[in-house]
Enquirer: 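Mind looking over this structure? Questions follow.
Since the structure is predicted, the reported quantities are computational estimates derived from the model, not experimental observations. By convention here, the first residue in the shown sequence is residue 1. The basis for the numbers below is simple: all heavy atoms, side chains too, and nothing from hydrogens, waters or symmetry mates.
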Amino acid sequence: MGLRRRALILAKEESTYGTDAVPTVAANSLLAFNPTLNPVGAKVTRNPVRDTISGSPGLMGSRYYELAFETEFYGSGTAGTAARYGDLLEACSMTETISGGVSVTYKPNSLGTGAKSVTLYANFDGRLHRLTGCIGTFEMILQAGQPARIRWTFRGIYNAPTDTALAAPTLEANINAPPKVLGSAFTFNSIATLVVQQLSINLGNMMANREDVNATHGYKGFAVTGRQATATINPETFAVGTYDLFTDWLNATLRQLSVVVGAAAGSIMTITLPKCEVDDVRQGDRDGIETWEIPLSLAYNTGDDEVQIVFT
């Protein structure tokens with residue numbers, strides 16, 4: 001019997017795609033929440049003609065792993081130094097740019113099979129699953145008064161699980177003080193007075209499975225082949241004179257959104273969505289207060305920049 005609360009996620013960038021980067025509990029442990037591992041297999045159905053109409057046994061064909069989990073959204077605590085989950089952002093086809101002692105910036109890229117990957121170790125109470133060649137996507141959740149968090153979804157090459165003792169991790173020093181979404185300087189269309197309870201941002205990576213007859217488990221790996229980033233905000237309703245939201249919706253007008261989370265150096269996160277298009281305006285209710293649920297499509301400004309994250 002295993003205990004769900006006894007689990008550990010490790011992540012390390014690969015130098016060669018699909019080759020185990022051998023993450024360690026000392027250097028690569030993540031403070032993760034709600035991890036869920038799913039082995040995904042293609043069952044081969046076999047229905048030969050026989051003297052009976054009873055079903056025949058099937059076969060397991062190609063297989064891979066899918067791992068989903070959450071982390072809180074925090075910086076390293078040192079300006080110009082990437083947090084450990086920077087490796088995860090890069091494996092979601094984000095380019096990391098470090099300005100020493102100043103900032104770490106992440107923007108999407110279109111590198112396809114040239115994008116970076118990670119090895120993930122998922123240890124569930126002594127049962128270790130090694131996922132190599134992992135690429136993924138993520139959703140950021142910024143809710144008023146709560147620590148900002150990220151929901152990750154990764155695909156990785158299947159490796160048989162092993163019995164491996166669960167070790168005590170060494171975590172980053174600032175993991176018990178994640179920035180909360182408070183005083184976050186939220187603006188949309190340069191308006192700073194909207195009363196918004198939550199902002200969610202979904203990178204929307206489209207992941208392709210690279211089938212290969214030479215691969216042990218049927219897949220050479222995975223690649224991000226497309227991206228359709230979206231976001232959602234839920235402000236209290238406001239006067240047309242404050243912002244004519246419906247005209248923007250009718251005209252598909254593009255507007256900028258920005259938000260800042262955190263105040264301590266090295267953990268200040270500025271998120272910019274330069275081109276947001278209002279997809280819909282849905283009436284909502286929050287404790288009797290009229291709200292709008294507003295889904296947004298995110299477009300690029302100059303290219304590979306529809307979501308920008310800067311840590312300072």
Enquirer: Checking T52 side chain against S54 main chain: does a donor-acceptor pair fall under 3.5 Å?
Expert: yes

Enquirer: If you link I, L, V, M, F, W and Y whenever their side-chain heavy atoms are under 4.5 Å apart, who else ends up in the same group as V240?
Expert: none

Enquirer: Are more than 12 heavy atoms, taken from residues, nucleotides or ligands other than Y300, located less than 6.0 Å from that residue's OH atom?
Expert: no

Enquirer: Please report whether the ring centroid of F154 lies less than 6.0 Å from that of F222.
Expert: no

Enquirer: Look only at the side chain of E14 and the backbone of G133, and say whether a donor-acceptor pair between them is shorter than 3.5 Å.
Expert: yes

Enquirer: Test your reading of the model: is there a side-chain donor-acceptor pair from R4 to the backbone of P35, 3.5 Å cut-off?
Expert: yes

Enquirer: Please say whether the positively charged group of R149, taken as NZ for Lys or CZ for Arg, lies over the ring of F73, i.e. under 6.0 angstrom from the six-membered ring centre and within 45 degrees of the axis.
Expert: no

Enquirer: Could you tell me the separation between the CZ atom of F138 and the CG atom of L203, rounded to the nearest 0.5 Å?
Expert: 4.5 Å

Enquirer: Can a donor-acceptor pair be found, under 3.5 Å and without considering hydrogens, that links the side chain of W249 to the backbone of V281?
Expert: no

Enquirer: Does the D87 side chain pair with the main chain of E13, one donor and one acceptor, at a distance under 3.5 Å?
Expert: yes

Enquirer: Which value, rounded to the nearest 0.5 Å, describes the distance between N189 atom CG and D248 atom CG?
Expert: 6.0 Å

Enquirer: Is the gap between the ring centers of Y121 and H129 under 6.0 Å?
Expert: no

Enquirer: Test of understanding: with salt bridge (charged side-chain N to carboxylate O under 4.0 Å, His left out), list the residues that count as partners of E96, not counting sequence neighbours.
Expert: none

Enquirer: Is the backbone N or O of L199 less than 3.5 Å from a side-chain atom of N234, with the two atoms forming a donor-acceptor pair by type?
Expert: no

Enquirer: Hey, is E90 close enough to K116 for a salt bridge, meaning N to O under 4.0 Å?
Expert: yes

Enquirer: Less than 4.5 Å apart, side chain to side chain, heavy atoms only: is that true for M207 and I135?
Expert: yes

Enquirer: Measuring only between side-chain heavy atoms, which start at C-beta, is Y65 closer than 4.5 Å to P161?
Expert: yes

Enquirer: So do the side chains of P179 and L182 get within less than 4.5 Å of each other, counting heavy atoms only?
Expert: no

Enquirer: Say whether, by atom type as modelled, one donor and one acceptor occur between the side chain of T272 and the main chain of P274 under 3.5 angstrom.
Expert: no

Enquirer: For the residue pair S258 and T187, confirm or rule out a side-chain donor-acceptor distance under 3.5 Å.
Expert: yes

Enquirer: Just by distance, no angles: are the side chains of S297 and D279 close enough, under 3.5 Å, to form a donor-acceptor pair?
Expert: yes

Enquirer: Assess the pair Y158 and Y64: is the distance between their ring centroids shorter than 6.0 Å?
Expert: no

Enquirer: Give a yes or no on whether the backbone of A83 and the side-chain of S76 come within a donor-acceptor separation of less than 3.5 Å.
Expert: no

Enquirer: Checking E172 side chain against R84 main chain: does a donor-acceptor pair fall under 3.5 Å?
Expert: yes

Enquirer: Looking at M60 and K43, what are the two nearest heavy atoms and their distance?
Expert: SD-N, 4.3 Å

Enquirer: Per the salt bridge (Lys or Arg N to Asp or Glu O under 4.0 Å) rule, what does the pair list look like for residues 299-312, sequence neighbours excluded?
Expert: R227-D304, R227-E306

Enquirer: Taking atom CZ of F33 and atom CZ of F69, what is their separation to the nearest 0.5 Å?
Expert: 12.0 Å

Enquirer: Hey, does the side chain of N38 reach the backbone of V40 with a donor-acceptor pair shorter than 3.5 angstrom?
Expert: no

Enquirer: Could you check whether W292 and F246 have their ring centres less than 6.0 Å apart?
Expert: yes

Enquirer: Any side-chain heavy atom of E139 sitting closer than 4.5 Å to one from I141?
Expert: yes

